[in-house]
Amino acid sequence: MAKPHTVASVLTGPLYSSILTVLIIVMACVELCDAVTVVDVYRLVQYDLGGVPFGSRLAALNHHAGSSSFFSSSSAAADLSRTVLILPVRELNLTFITEYIEQKKPLGGLLLLLPPVFSPQNIDTGGGADHESAEDLVKEVLGELEQFLIHANIPYPVYFGFEDEHVNTLLADVKKNDAAGQPATATTGGYKLVVAAPEPKKIASPTITNIQGWLPGLKGDGDSSQLPTIAVVASYDTFGAAPALSMGSDSNGSGVVALLEIARLFSVLYSNPKTRGRYNLLFALTSGGPYNYNGTHKWLRSLDQRLRETIDYAICLNSIASSSDELWIHVSKPPDNAYIKQIFEGFSSVSEELGLKVGLKHKKINISSPRVAWEHEQFSRLRVTAATLSELSDAPDLLESTGGLSNNRHFIDETLISRSVKLVAESLARHIYGQEGKNIDIFADDSSLSVNPSYIRTWSEFLSTTPRVAPFLSKNDPFIMALKKELADHTAEVNVQQEILDGMFTFYDSTSGKLHIYQVASVTFDLLLLLVLGSYLIVLFSFLVITTRGLDDLISLFRRPTSRKAKTA
């Protein structure tokens, strides 16, 4: 006897199973198969200062795209809690964005687009005077924006990206729709921006690493006393609105490059006993510069007191790739102090020969405040004579001028680094060999002791493509190992000191990600497509049942079964 046909037997047929599988796949891919592009993005820094939250507090992003044109449309008062604003920095209304964030208006996220010239991978520095003038203007706006974002508490994701062909095309479409009063929503469609990122976590016990190299001086026969020491110091780490983009080509990459080249030059002099000076030279690459020069403080405290007492003076190098012809020597002791006068006169004499102007800036230390504005102030607190050589005429505020977004290779001049190296090296050499005030060129350009532009260029390029925010550098980070190896090539007794970063700073991870851009259809379109597909499948199903089993079987599928009471009757 033939088995009756049931709904289950019809639906379990291979043909119908295939149809249902195709339907599910098509419906699942309606939105996901329209990916436009994937780009790298870099998250705004997230940190706490004394328990107070700053920066972007979220990392995950999954909202529709909007533009500045949306605010000039009739829908400007709409809720933006599900919208990611895409704002090119070159078109940015700084007043608008600061007021929007300060008033804590709801927003799904913020994507700030930087010009390609600010990308670490960009090596093109051409474009003419007009191009440079425009980029200088963007740099100024970006500097103000960065300082505002660093000191703001933003309860949504903020990312930086770079303008390119794909992103610019997307932005043009978004602007067109927004200007027409048709912003992207779940009902209208548009573009969706997605960054899949876990919740940021605190970085436990971030470390700072100091690297010290030593060139011993030449003692006379029977001389048992300690030789005097000159210290050359530069802080190498950076801080900026986006840790993954904080390269600090000038601040303080230029100081690091200069220190390495000075160490190389004196290693040649000190390799020969006949030209070795009667001074020890101490080279230190310190960390924690943006955080009150915490690494310098720890390094000085770790030095043997007898060694610290032999330091004649220390010269700290900070941002010396200025485009101007003026540098400043910042000191804590009064200008009429004998040691300060000696340092300043020595540098002034050499600077005149190089066509440079060197000014002297005196700033007292506030003993009651733990805050120091310059690296040399950590020396002065221990009564060690020290000075900072910098293009900056005034002391920066906390977390200012520490290697942010606009501090890249496009805005520095390697020839100026070479000139600053010549200034420092020549001044130190004349002091070491007792040649102050004499017209003698120890590091002459045409000699074996000349400054090496190729060496400076190589290290400038390396530092300009390497983010160096200390809390995100591991103890064995390749960058730190590279600095250690380079200093070891030119000095002796290289020591590495690793300490926990002190202070009131707490940092969070998740500094970069991948932005997936999807072009999605509206809900109306999805419903219409679902209706068409459903109608098609119902018709197809009915046709197949009729042709294979007959009309009566089709009707029986939809006929209400006989109740149990009726059967009993």
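In this chain, numbering begins with 1 at the start of the sequence shown. Keep in mind the model is a prediction, meaning the values are calculated, not measured.
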Original post:
Can you name the residues that form a ring pair (Phe, Tyr, Trp, His ring centres under 6.0 Å) with Phe160, not counting sequence neighbours?
Top reply: none
Subject >> Minimum-distance pair of heavy atoms, taken over all atoms of Ala314 and Phe379 >> reply: CB-CE2, 3.7 Å
**OP:** Please name all residues satisfying salt bridge (charged side-chain N to carboxylate O under 4.0 Å, His left out) with Arg276, sequence neighbours left out, ordered by chain then number.
**Re:** none
Original post:
How far does CD1 of Ile329 sit from SG of Cys316, to the nearest 0.5 angstrom?
Top reply: 12.0 Å
**OP:** Spell out, as yes or no, whether a donor-acceptor pair under 3.5 Å connects the side chain of Glu135 to the backbone of Phe118.
**Re:** no
Subject >> Phe266 and its ring-ring contact (aromatic ring centres under 6.0 Å, His included) partner, picked from Phe283, Tyr433, Phe443 >> reply: Phe443
**OP:** List the steps, then state whether side-chain contact (heavy atoms from CB on, under 4.5 Å) holds for Glu163 with Arg90.
**Re:** CA-CA 10 Å; Glu163 299 173 1; Arg90 65 170 79 248; 3.2 Å; yes
**OP:** Could you tell me whether a side-chain N or O of Asn210 sits under 3.5 Å from a main-chain N or O of Gly295, the two making a donor and an acceptor?
**Re:** yes
**OP:** I would like to know whether Leu94 and Phe148 meet side-chain contact (heavy atoms from CB on, under 4.5 Å); could you show each step before the answer?
**Re:** CA-CA 10 Å; Leu94 193 57; Phe148 171 74; 5.8 Å; no
Original post:
Quick one: side-chain hydrogen bond (donor to acceptor under 3.5 Å, both in side chains) partners of Asn337, sequence neighbours excluded?
Top reply: none
Subject >> Closest heavy-atom pair and its distance - Asn318, Ser251 >> reply: OD1-OG, 4.3 Å
Original post:
Can you list every salt bridge (Lys or Arg N to Asp or Glu O under 4.0 Å) pair that touches residues 385-403, not counting sequence neighbours?
Top reply: Lys361-Asp394
**OP:** Kindly indicate whether the side chain of Asn407, heavy atoms from C-beta on, has any atom under 4.5 Å from the side chain of Thr238.
**Re:** no
Subject >> Reported OG-to-CG distance for the pair Ser267 and Leu265, which is rounded to 0.5 angstrom >> reply: 7.5 Å
Subject >> Atom pair OG1/CD1 of Thr385 and Ile311 - distance to nearest 0.5 Å >> reply: 10.0 Å
Original post:
For the residue pair Pro273 and Leu218, what are the closest heavy atoms and their distance?
Top reply: O-CD2, 3.3 Å
**OP:** Would you please name every residue forming a ring pair (Phe, Tyr, Trp, His ring centres under 6.0 Å) with Tyr159, sequence neighbours left out?
**Re:** none
Subject >> Side-chain touch Tyr42/Ser512, heavy atoms, less than 4.5 angstrom >> reply: yes
Original post:
Backbone N or O of Leu300 within a donor-acceptor pair of the Arg308 side chain at under 3.5 Å?
Top reply: yes
Original post:
Are any non-hydrogen side-chain atoms of Phe239 and Tyr47 less than 4.5 angstrom apart?
Top reply: yes
Original post:
If you look only at pairs with a residue in residues 322-367, which of them pass as a ring pair (Phe, Tyr, Trp, His ring centres under 6.0 Å), with sequence neighbours excluded?
Top reply: His330-Trp374
Original post:
Rounded to the nearest 0.5 Å, how far does CG of Leu260 lie from CG of Leu483?
Top reply: 6.5 Å
**OP:** Go through the steps for Ser235 and Tyr293 under the test side-chain contact (heavy atoms from CB on, under 4.5 Å), then give the verdict.
**Re:** CA-CA 8 Å; Ser235 178; Tyr293 295 100; 4.3 Å; yes
Subject >> Side-chain touch Arg264/Glu486, heavy atoms, less than 4.5 angstrom >> reply: no
Original post:
Applying salt bridge (Lys or Arg N to Asp or Glu O under 4.0 Å), which residue pairs with at least one partner in residues 367-383 are found, sequence neighbours left out?
Top reply: Lys363-Glu377
Original post:
To the nearest 0.5 Å, how far apart are OG in Ser418 and CD in Glu261?
Top reply: 7.5 Å
Original post:
So, Tyr508 versus Phe54, ring centres under 6.0 angstrom or not?
Top reply: no
Subject >> Polar side-chain atom of Thr466 near backbone of Leu463 as donor-acceptor pair, under 3.5 Å >> reply: no
Original post:
Quick one: does Ser302's side chain have a donor or acceptor within less than 3.5 Å of a partner on Trp299's backbone?
Top reply: yes
Original post:
Does the Arg457 side chain pair with the main chain of Glu414, one donor and one acceptor, at a distance under 3.5 Å?
Top reply: no
**OP:** Mind checking side-chain contact (heavy atoms from CB on, under 4.5 Å) for Lys201 and listing every partner two or more places apart, or none if nothing turns up?
**Re:** Asp509
**OP:** Determine yes or no for a side-chain-to-main-chain donor-acceptor pair under 3.5 angstrom, with Arg409 supplying the side chain and Ser460 the backbone.
**Re:** no
**OP:** For Ser406 and Leu142, indicate whether the former's side chain and the latter's backbone hold a donor-acceptor pair under 3.5 Å.
**Re:** no
**OP:** Determine the minimum heavy-atom distance between Gly255 and Ala234, stating which atoms define it.
**Re:** O-CB, 3.7 Å
Original post:
For Asp502, which residues count as a side-chain hydrogen bond (donor to acceptor under 3.5 Å, both in side chains) partner, sequence neighbours excluded?
Top reply: Lys298
Original post:
If you take all heavy atoms of Val138 and Pro115, which pair is closest and at what distance?
Top reply: CG1-CG, 3.9 Å
Original post:
In terms of side-chain heavy atoms, does Ser454 have a donor or acceptor partner in Asn452 at a distance below 3.5 Å?
Top reply: no
**OP:** Compare all side-chain heavy atoms of Ile432 with those of Tyr270 and state whether any distance is below 4.5 angstrom.
**Re:** yes
Original post:
side-chain contact (heavy atoms from CB on, under 4.5 Å) with Leu307: which residues, sequence neighbours excluded?
Top reply: Trp214, Thr229, Leu303, Asp304, Thr310
Original post:
Side chains of Lys422 and Asp445: closer than 4.5 Å at any heavy-atom pair?
Top reply: yes
**OP:** Compare every heavy atom of Ala470 with every heavy atom of Ser287, then report the nearest pair and how far apart it is.
**Re:** OG-CB, 3.5 Å
Subject >> Beyond-backbone contact of Pro471 with Tyr291, side-chain heavy atoms, under 4.5 angstrom >> reply: yes
Original post:
Does the Gln121 side chain pair with the main chain of Ser119, one donor and one acceptor, at a distance under 3.5 Å?
Top reply: no
Original post:
What residues form a ring pair (Phe, Tyr, Trp, His ring centres under 6.0 Å) with Phe479, not counting sequence neighbours?
Top reply: Tyr236, Phe462
Original post:
Hey, mind stepping through Leu356 and Glu326 against side-chain contact (heavy atoms from CB on, under 4.5 Å) and telling me if it holds?
Top reply: CA-CA 6 Å; Leu356 271 171; Glu326 187 172 20; over 6 Å; no
Original post:
Once you round to the nearest 0.5 Å, how far does OG1 of Thr415 lie from CD1 of Ile412?
Top reply: 10.0 Å
Subject >> Cationic N near anionic O, under 4.0 Å, Arg419 to Asp325 >> reply: yes
Subject >> Any residue meeting ring pair (Phe, Tyr, Trp, His ring centres under 6.0 Å) with Tyr313, in chain and number order, not counting sequence neighbours >> reply: His431
Original post:
Under 4.5 Å between any side-chain heavy atoms of Ile101 and Leu149, yes or no?
Top reply: yes
Original post:
Do the side chain of Asn292 and the main chain of Val372 share a donor and acceptor less than 3.5 angstrom apart?
Top reply: yes
